[in-house]
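Down below is the structure, laid out as structure tokens.
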Amino acid sequence: MLKQRTKNGWLLIALIVGGIAAFVCAFFIGSSGVSIPEFLQILNGTASDTMQNIFLNIRLPRAIGAFFVGAALAISGCALQGVFKNPMADPFVLGISSGASLGATLAMVFFSKTSLQGTGMITALSFVCALGAMFMVYSISHIRGKVSTFSLLLSGFAISALLTALVYLLMLLNRDKMDQVVMWNMGSLSAMNWTKLYIAMPVIIVCSCLLMTYSKPLNIMLNGDEVSQSLGVDTHKTRRNLLILTALLTATAVAISGIIGFVGLMIPHLLRLVVGPDNKKLMPLCFAGGGVFLLACDIVARVVLKGQELPVGIITAIIGVPFFIFLLRRGRRTV
Amino acid sequence: MGIEVKNISFRIDDTQILRDVSLKGESGMLGLIGPNGAGKTTLLRVISGYIKPDEGQVLLDNMPISQIDIKTRAQKMALVPQNYALDYDFTVLEVVLMGRNPHKKSFESDTPEDIALARDCINRAGIGQLESRSIMGLSGGEWQRMIIARALTQQSSILLLDEPVSNLDIKHQVGILNTVRELVTGHGLLCVCVLHDLNLAYHYCDSIALMKQGGMFATGAPRAVVTKDTLESVYETEINLLHTGEDTFILPVMKG
């Protein structure tokens, strides 16, 4: 037990150090390089307006946004894998991604992206539709006063298929917007700004903290409904609350960044392999780990191709999956 | 005090699973026996509150179970289910500590007293040496003992056991039932136990409830319930009772 605690301590230190290093890199790296003297000038307010603007209004919100989006997706994935007792569950299993995708597509089709109203509409409509999709899935799977894992997963797949079909239909009817819709679906942090963060950060922080208070019932729920109830967990109420919190977290993350895959699926798995299945340790580590991971991926997305940014979702898959397979094969702790 | 099942009926679609079942237990070991599909596990699930009956009610300490919240219910009643999957790499101690949950607020940590109690229950279940082991490598018998240790950690006055010795070899069957028997006798607990093995039920239980096709066929002391006539009528096969001194053994008649 002591050995495990030491290992957890080292992991936490590695995440903090990695997080600080990633934040520093996020400030220095980009199409306009920032030297150390320039960085110091920015800190004491003597840098040029352009440099101040790049640092304060582009790189800082983007780095903070990357961290919080990654954190929200990873902690949601961790909770959902517990709720569904299914290692394949991720934040998008409840139809949230398809809902958000439909909302964003509607905004792109009916509002101009270049206008401020258009950008705001993408965020707002993707958020509303993501939540709407999740509630549709939940209502359909609510049978005889109970919501089973099986019916939730199936209705999630069904609603996702329907909403994705609607997105394709809208794309076909508006071929001029097709590129824009496809790019949004790949996920990007390039349009991050303080306004989005002011709205998203409180939601992500509050929902994540609330999610962490459910770590103990979530551990018990891995035993299944019957045993969990015999151990004093109101599984229906707990599942409903966890789904609302994860839907809010994911919809918020998706609304400000588009759809970024793999983080919610992979980070909880990676950390579970290292620290074991106890959600009390796992959830805070997922929050920190998901944030640092997406921040690092975003830096790579910005620099890997000269003069061009890649959608961060591509990087999360390319970096994350081989590392995930490596850890899985090493099998230090079984998932 | 204890459990009282009053005129319970339960159906799924057109199939009547339980029909007008009544049962009472205050302390000691109550065995639920009967052929496959007789409704034993469903009755246990109704008693635990997991299934709501269509008619009738279950009283727990003279209060309808439907009016008792899940946490309070778990403080009074612990369940040892049939083998189920928990495919996560918890240690034995971590799983046994889950038994303290009914006595905790949702984000209250386990205290040193909780850990000491869990260790004591692990020792009483005879798996003290496995405390730090991962549950992934446990044998069937060790797993069952761990789940019994978790039920003991709940410190409830009622134990519900659903086929606790199925799939176990005879050494582990006797070992587990001896442990349960000692606990029931030593702590004045009520244990409702679904058993398939008639000989084990006859020898370990203080009273027996024999079920047939969703109804209660006979209840009472083992000697009164386990007779050639009742067993042959319920199991619809020829059965012999072999009496040797004080003991009685139930043997199916081999044909051919």
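In what follows, chains carry the letters A, B, and so on, assigned in the order in which the sequence lines appear, proteins first and then strands, with residues in each chain numbered from 1. What you are looking at is a predicted structure, and each value in this text was computed from that prediction instead of being measured.
Under 3.5 Å, the side chains of Thr41(B) and Asp162(B) contain a donor-acceptor pair of N or O atoms. Under the 3.5 Å distance criterion, with hydrogens and angles disregarded, a donor-acceptor pair is assigned to the side chains of Asn223(A) and Arg150(B). Using a 3.5 Å distance cut-off with no hydrogens or angles, the side chains of Arg73(B) and Gln229(A) do not pair a donor with an acceptor.
Contacts between Arg100(B) and chain A at a heavy-atom distance below 4.5 Å are absent for every atom of the residue. In this structure, the portion of Met77(B) lying under 4.5 Å from any heavy atom of chain A is its backbone and not its side chain. For Ala85(B), the part lying under 4.5 angstrom from a heavy atom of chain A is the backbone only. Residue contact with chain A, scored on non-hydrogen atoms closer than 4.5 Å, is absent for Ser134(B).
Note on Asp225(A) versus Arg239(A): salt bridge recorded, some NZ/NE/NH1/NH2 to OD/OE distance being below 4.0 Å. Under 4.0 Å is where a charged nitrogen must lie from a carboxylate oxygen, and between Lys104(B) and Asp114(B) at least one such pair does.
Most heavy-atom pairs under 4.5 Å with chain B: of the set Thr213(A), Ile220(A), Leu222(A), this distinction falls to Leu222(A). Ranked by heavy-atom pairs under 4.5 Å with chain B, the first of Asp234(A), Leu231(A), Thr235(A) is Leu231(A).
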